[in-house]
Amino acid sequence: MNSLSETAAPELTVIVPMYNEAENLSPLVARLAPVLERCVASYEIVFVDDGSSDETLLALRQANLSDPRLRAISFSRNFGKEIAIAAGLDHARGEAVVIMDADLQHPPEMIETFVERWREGYQNVYGQRVDRTADSALRRLLTLRFYKLFASFGETALPPGAGDFRLLDAQAVEALRAMPERARFSKGLYAWIGFRSIGVPFEVAERAFGESKFSYRKLTRFALDGLMSFSTLPLMVWTYVGTLISIGALAMAVYFIMQTITVGADVPGYASLIVSIMFFSGVQLMSLGILGEYVGRIFAEVKRRPLYLVAERVGVEADSSPIGRTRKSSP
Ligand code: UDP
Ligand code: MG
């Protein structure tokens, strides 16, 4: 191994989160490497093995042996794509960073355009999906609902169609590294940091091998994380709902008092009583539940656990990570 190529910082770092993507590794590198050779002076690819249970790590060790620019860190378990990206950013040494999926849904050729925009002075160049036909109809519908919801009460505006496929300048990377939050909603963070941003439209391809690693359950958690880390409206809204209900209750009390004075007491009313009790206990439980969601997230943050644990490094020095002292790869 050439010691110079180990220490010299490359111009571009490509970060690829991988969860059971062994069969996608060589097709990805085969398409990505020629593009990188063409458009930058030097590069490295940092793969983050997110606790894969297939041969991903083995394939990554082999890749590093044949090309030391292909480096990897391997998590002790599955921490999720958002955290894998954060780890990639922690270990990236390039003057700019590109984040992309391993399944070739993000066309590597787009990186040439990203780099051009970067050289023009843009620091946050994001790929913008022009269509979502690669996703199922249900997922498309739910995604659309989520973005509508996020737009109406998220405190950060998300550019339409922007995702993780993007180029970030070192300054933007520095900003993202400074955000230690556990419930990570990267799309929101990229928008929150700002910097000179521009979108580049691209078409999402079909997944090369395997299937999506996101179940609807995972996506729901992710959507909740997104909404709750970028909005406190769900907490505040209960103040208004509660106030309205109390005003209504007072008005009703006044009405009943007047009625009792003028026409006397009325016995019927059992059904309306039960309905209102049920309704208001429902409202209370719901607001408690929302409080719980936030409190749970606060709890996770205050525990201050490390964001991820690295089990193995492949061609990556230990001191480039905030969590030192892990076993160096010995393939
Ligand atoms: N991924 C990951 N950890 C996970 C789930 C996914 O690192 O827990 C990676 C996955 O290997 C891929 C990228 O995130 O490189 C996008 O995942 P996928 O293609 O399954 O998502 P989709 O395209 O359906 O949104
Ligand atoms: Mg995919």
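Everything numeric here is computed off the predicted structure, so don't read it as measured data. Just follow the structure's listing: the first ligand is 1, and inside any ligand the first atom is 1. The figures here come from the full heavy-atom set of this structure, side chains too, leaving out hydrogens, waters and symmetry mates. One is the number of the first residue; the rest follow in order along the sequence.
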**Student:** Is the closest side-chain donor-acceptor distance between Glu11 and Ser42 under 3.5 Å?
**Tutor:** no
**Student:** Which residue and atom name correspond to the protein heavy atom nearest atom 18 (P) of ligand 1, and how close is it?
**Tutor:** Arg207 NH2, 3.5 Å
**Student:** Return the minimal non-hydrogen interatomic distance between Trp118 and Glu95, and the atom names on each side.
**Tutor:** CZ2-O, 3.7 Å
**Student:** I'd like to know if Glu174 and Arg177 make a salt bridge, using a cut-off of under 4.0 Å between side-chain N and carboxylate O.
**Tutor:** yes
**Student:** Among protein heavy atoms, which sits nearest to atom 23 (O) of ligand 1, and what does the distance come to when rounded to 0.1 Å?
**Tutor:** Gln105 OE1, 2.6 Å
**Student:** Looking only at protein heavy atoms, identify the closest one to atom 14 (O) of ligand 1 and say how far it is in Å.
**Tutor:** Lys81 CD, 3.2 Å
**Student:** Parallel, tilted or perpendicular for Phe75 and Tyr308, by the 30°/60° rule?
**Tutor:** parallel
**Student:** For ligand 1, which atoms sit closer than 4.0 Å to a heavy atom of Ala102?
**Tutor:** 15 (O)
**Student:** Among Arg166, Lys81, Glu82, which residue meets the side-chain hydrogen bond (donor to acceptor under 3.5 Å, both in side chains) test with Ser186?
**Tutor:** Glu82
**Student:** Work out which heavy atom in Leu307 is nearest to a heavy atom in Pro180; give both atom names and the distance.
**Tutor:** CD1-O, 4.2 Å
**Student:** Quick one: nearest non-hydrogen protein atom to atom 9 (C) of ligand 1, plus distance?
**Tutor:** Pro17 O, 3.8 Å
**Student:** What protein heavy atom lies closest to atom 22 (P) of ligand 1? Include the residue and the distance to one decimal.
**Tutor:** Ser212 OG, 3.7 Å
**Student:** Any atoms of ligand 1 less than 4.0 Å from a non-hydrogen atom of Gly80? List them with their elements.
**Tutor:** 3 (N), 8 (O)
**Student:** Taking only non-hydrogen atoms of Arg139, do any sit less than 4.0 angstrom from ligand 1?
**Tutor:** yes
**Student:** Counting heavy atoms only, which part of Asn20 comes closer than 4.0 Å to ligand 1: side chain, backbone, both or neither?
**Tutor:** neither
**Student:** For residues Phe165 and Asp101, determine if any side-chain heavy atom of one lies less than 4.5 Å from a side-chain heavy atom of the other.
**Tutor:** no
**Student:** Take a 6.0 Å sphere around CE of Met252 and say whether it holds more than 12 heavy atoms from other residues, nucleotides or ligands.
**Tutor:** no
**Student:** Report yes if some heavy atom in the side chain of Ile45 is under 4.5 Å from a heavy atom in the side chain of Leu28; otherwise report no.
**Tutor:** no
**Student:** Inspect the contact between Glu293 and Arg221 and indicate whether a charged nitrogen and a carboxylate oxygen are less than 4.0 angstrom apart.
**Tutor:** yes
**Student:** Looking at Phe79, does the NZ or CZ of Arg77 lie under 6.0 angstrom from its six-membered ring centre and within 45 degrees of the ring axis?
**Tutor:** yes
**Student:** Could you establish whether Lys218 and ligand 1 come within less than 4.0 Å of each other, counting only heavy atoms on the residue side?
**Tutor:** yes
**Student:** How far is atom 20 (O) of ligand 1 from its nearest protein heavy atom, and which residue and atom name does that atom have?
**Tutor:** Lys213 N, 2.5 Å
**Student:** What residue and atom, counting heavy atoms only, is the protein's closest point to atom 16 (C) of ligand 1, and at what distance?
**Tutor:** Asp101 OD2, 3.2 Å
**Student:** When you measure from atom 17 (O) of ligand 1 to every protein heavy atom, which one gives the shortest distance, and what is it?
**Tutor:** Phe214 CE1, 3.7 Å
**Student:** Looking at Glu120 and Arg117, is any side-chain nitrogen of the basic one under 4.0 Å from a carboxylate oxygen of the acidic one?
**Tutor:** yes
**Student:** Taking the side chain from Arg182 and the backbone from Arg305, do they hold a donor-acceptor pair closer than 3.5 Å?
**Tutor:** yes
**Student:** Short list, please: which atoms of ligand 1 are under 4.0 Å from a heavy atom of Glu21?
**Tutor:** 10 (C), 11 (O), 12 (C), 15 (O)
**Student:** When you check the space around the Mg ion (ligand 2), which protein N, O or S atoms turn up under 2.8 Å?
**Tutor:** Asp103 OD2, Gln105 OE1
**Student:** Step through the shown structure and confirm whether more than 12 heavy atoms of other residues, nucleotides or ligands are within 6.0 Å of CD on Glu203.
**Tutor:** no
**Student:** Looking at Asp50, which atoms of ligand 1 are within less than 4.0 Å of one of its heavy atoms?
**Tutor:** 2 (C), 3 (N), 4 (C), 7 (O), 8 (O)
**Student:** Which ligand 1 atoms, with their elements, are less than 4.0 angstrom from a heavy-atom of Met18?
**Tutor:** 7 (O), 11 (O)
**Student:** Can you name the atoms of ligand 1, numbered from 1 with element, that are less than 4.0 Å from a heavy atom of Asp103?
**Tutor:** 19 (O), 23 (O)
